[in-house]
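Both counts, for ligands and for their atoms, begin at 1 and track the order of listing.
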Amino acid sequence: MTEPITGNGTAKAADAAWWRQAVVYQIYPRSFADANGDGLGDLPGITSRADYLADLGVDAVWLSPFYPSALADGGYDVDDYRDVDPRLGTLDDFDVMIKALHDKGIKLIADIVPNHSSNRHEWFRAALAAPKGSPERDRYVFRDGLGEHGEAPPADWTCMFGGPAWTAVGDGQWYLHLFAPEQPDLNWRSEEVRADFLKTLRFWSDRGVDGFRVDVAHALAKHLPPDLPSEAELAAMDRATGTHLLWDRDEVHDIYADWRRVFDEYDPPRIAVAEAWVDPPARRARYASAEGLGQAFNFDLLEADFAADAFRPIITDNLEQAADSGSSTTWVFSNHDVIRHATRYGLPPNGDEPRKHGRAWLLSGGTEPELDVAAGLRRARAATLLMLALPGSAYLYQGEELGLGEVASIPDADRQDPTFFRSPGVDVGRDGCRVPIPWAADGPSFGFGDGGAHLPQPEWFGRYAAAVQADDPASTLALYREALALRRELQTAETLAWIPSGAEVLHVRRDNGWEAVTNFGAEPVALPEGDVLLSSGPLDGRQLPPETTVWLRA
Ligand code: NOJ
């Protein structure tokens with residue numbers, strides 16, 4: 001396995017490897033902190049919380065899109081890749097924010113959205129104004145419709161949010177959007193598109209951005225033959241060979257080879273992490289390679305139930321895969337796309353669609369099936385403490401350090417997620433994890449800002465507020481702070497040894513004697529030898545209670 005960071009010889013190498021075992025905190029900017037009281041979180045809001053982030057002990061912030069956007073998909077519909085949404089601030093505010101973070105030793109990873117722009121991007125406006133076959137249309141994926149006048153879509157494909165993936169532009173042509181109609185797919189065969197993104201990467205890197213999270217990294221390269229297959233034929237195509245028409249094509253890596261050359265122009269090199277839902281998992285390796293983006297998300301724990309036999313192979317396999325690719329793995333339980341893990345773990349185990357775990361509960365407005373809030377939080381704390389003891393980088397989502405649960409009570413009239421509008425009655429979407437987080441027990445927007453919150457906060461949010469937890473040693477915030485401080489001290493080589501344990505217990509050891517033991521079962525188990533450093537819940541003498549993790553030093 002990979003050498004420890006400190007074993008690389010030079011300080012320069014250590015600096016370049018900062019990301020390998022970093023704790024990265026995801027900020028969904030419109031829901032983090034609102035400095036100007038307009039109900040929408042903003043960049044000065046983030047700056048005002050730099051101390052909080054430093055006290056929490058994170059190594060980096062991953063900032064979800066902050067670019068100008070009509071918010072058809074929470075900012076993943078970008079109008080201009082080299083500017084800031086005026087409602088969130090200015091480029092000067094961005095500079096102030098990044099300096100405040102850097103002054104605290106916190107790096108910044110910007111979200112970049114290369115698969116699609118928004119339909120308000122100047123390129124797309126130009127494409128609509130230009131005729132069929134024009135260079136302006138060639139920056140996107142246009143096709144003639146079927147039927148005498150092109151009145152039918154080129155294919156019956158559905159987009160990721162439900163509904164058709166092709167939209168007509170009125171002259172017999174249609175454009176492809178794998179996501180919402182407001183998110184036209186860019187044509188990555190266009191040299192202009194490729195060159196412009198290199199410019200964007202340099203633009204933000206020059207402003208001090210330390211790395212990029214690459215949205216839908218596996219979709220950029222597409223091959224659309226003259227006769228398009230049907231949705232059913234597309235679904236039946238093998239995704240494992242790099243030849244699927246839309247997803248995870250091998251030539252996507254040529255794009256990232258170009259990006260890597262840009263990243264390596266900087267010192268330390270800019271880093272990148274791919275959001276690439278590929279199958280089989282071995283196909284992550286090329287995204288994670290040193291010639292490519294360098295790291296790729298593994299969402300396996302996010303999809304798993306809280307169970308020892310689910311966690312164990314995921315941990316083993318991902319550490320092996322990351323080592324094979326020369327990268328380090330990424331652990332994540334929650335993000336802006338899935339139901340928060342403190343809630344997930346309080347619901348019955350997931351069904352056939354792990355990424356949609358909790359969907360039925362959300363649809364019912366949080367009534368069916370019954371949620372066990374206490375069990376959810378207990379399991380979330382145990383799972384997180386285990387995750388933080390593993391080699392690799394840990395991605396946290398804003399609010400999880402408060403033990404925050406999903407909001408199921410958002411009225412339909414307040415919903416924003418395109419999934420809700422495009423899948424009526426089937427999926428209410430992802431707004432429940434994007435509700436502005438509570439900073440204070442009461443007051444306007446629970447301290448989020450002086451105005452309202454752009455998604456309604458439930459009354460119970462006050463109990464989870466950062467201010468309520470700050471001085472409570474038993475709070476989830478205190479647990480995260482202590483865990484991150486200890487992790488920083490204990491972090492060591494990227495190797496993991498498994499210590500034999502009962503079927504419902506996972507017991508791991510790092511090479512410096514740092515151990516984590518998780519009891520996933522319903523009965524207490526004897527605590528192994530060693531000094532207790534931290535535990536996710538109260539211990540009972542030398543007994544490890546159910547659904548609890550302890551850190552030990554042998
Ligand atoms: C993945 C992002 O995480 C998600 O929020 C977004 O809707 C899609 N990509 C489309 O950009």
Side-chain angles (χ1 to χ4, degrees), residues 24-32 41 61-81 85 109-121 124 140-141 157-163 165 167 175-186 188 197 200 212-220 222 246-248 252 272-278 284 287 293 295-299 302-303 330 332-340 355-356 359 395-398 406 415-423 427-435 455:
V24 183
Y25 182 88
Q26 183 191 356
I27 291 185
Y28 188 75
R30 295 172 178 86
S31 299
F32 185 67
V61 159
W62 148 27
L63 189 56
S64 280
F66 50 87
Y67 314 104
S69 168
L71 304 183
D73 180 22
Y76 286 89
D77 45 322
V78 178
D79 296 349
D80 180 348
Y81 290 93
D85 183 339
I109 297 174
D111 215 316
I112 183 123
V113 191
N115 179 65
H116 42 266
S117 74
S118 84
N119 59 345
R120 307 196 316 170
H121 190 285
F124 196 70
Y140 292 91
V141 185
W157 303 352
T158 52
C159 82
M160 299 299 287
F161 298 140
T167 289
Y175 68 89
L176 176 68
H177 50 90
L178 294 182
F179 294 88
E182 295 86 352
Q183 295 167 295
D185 279 49
L186 286 159
W188 276 86
F197 268 83
T200 297
F212 299 90
R213 176 263 188 193
V214 184
D215 190 64
V216 219
H218 55 312
L220 276 49
K222 299 181 181 76
L246 300 179
W247 301 105
D248 192 21
V252 78
V273 54
E275 187 220 18
W277 296 83
V278 296
R284 271 184 217 134
Y287 296 88
L293 294 175
Q295 201 180 36
F297 275 117
N298 113 54
F299 293 112
L302 175 153
E303 296 192 311
T330 53
V332 42
F333 286 119
S334 283
N335 62 31
H336 65 298
D337 287 333
V338 294
I339 188 163
R340 287 181 177 278
R355 272 172 80 182
K356 297 286 183 185
R359 176 157 73 165
Y395 280 77
L396 312 179
Y397 178 52
Q398 65 181 35
E406 188 82 1
R415 291 213 168 266
Q416 301 175 3
D417 187 353
T419 313
F420 168 72
F421 301 107
R422 297 181 68 81
S423 314
D427 197 338
V428 299
R430 303 160 292 178
D431 294 320
C433 63
R434 300 176 177 184
V435 176
L455 281 167

Would you mind checking which non-hydrogen protein atom is closest to atom 8 (C) of ligand 1, with the distance to 0.1 Å?
Phe179 CE2, 3.8 Å
Parallel under 30°, tilted from 30 to 60°, perpendicular over 60°: which one fits the rings of Phe124 and Tyr175?
perpendicular
Less than 4.0 angstrom from a charged side-chain N to a carboxylate O is my criterion; do Asp417 and Arg422 meet it?
no
Identify the protein heavy atom lying closest to atom 7 (O) of ligand 1, giving its residue, its atom name and the separation to 0.1 Å.
Asp73 OD2, 2.6 Å
Do you see a donor-acceptor pair shorter than 3.5 Å between the side chains of Asp85 and Ser69?
no
Could you go through the side-chain contact (heavy atoms from CB on, under 4.5 Å) check for Gln183 and Val113 one step at a time?
CA-CA 10 Å; Gln183 295 167 295; Val113 191; 5.9 Å; no
Closest non-hydrogen atom pair, Arg30 against Tyr67
NH2-O, 3.3 Å
the protein heavy atom lying closest to atom 3 (O) of ligand 1 turns out to be Asp337 OD2, 2.5 Å
Measuring from atom 2 (C) of ligand 1, which candidate in Asp215, Asp77, Asp111, Asp417 has the nearest non-hydrogen atom?
Asp215
Under 4.0 Å, heavy atoms only, figure out whether ligand 1 is touched by the backbone of Phe161, its side chain, both or neither.
side chain
Arg434 near ligand 1 by a heavy-atom separation under 4.0 Å
yes
Using non-hydrogen atoms of the residue, decide whether His116 is closer than 4.0 angstrom to ligand 1.
yes
Where does Met160 meet ligand 1, judged by heavy-atom distances below 4.0 Å: at the side chain, the backbone, both, or neither?
neither
Under 4.0 Å, heavy-atom basis, I'd like to know which part of Gln26 is in contact with ligand 1: side chain, backbone, both or neither.
neither
Using the ring centroid of each side chain, check whether Tyr76 and His336 are separated by less than 6.0 Å.
yes
Kindly assign one of parallel, tilted or perpendicular to the pair Phe297 and Tyr395, based on the angle between their ring planes and the thresholds 30° and 60°.
perpendicular
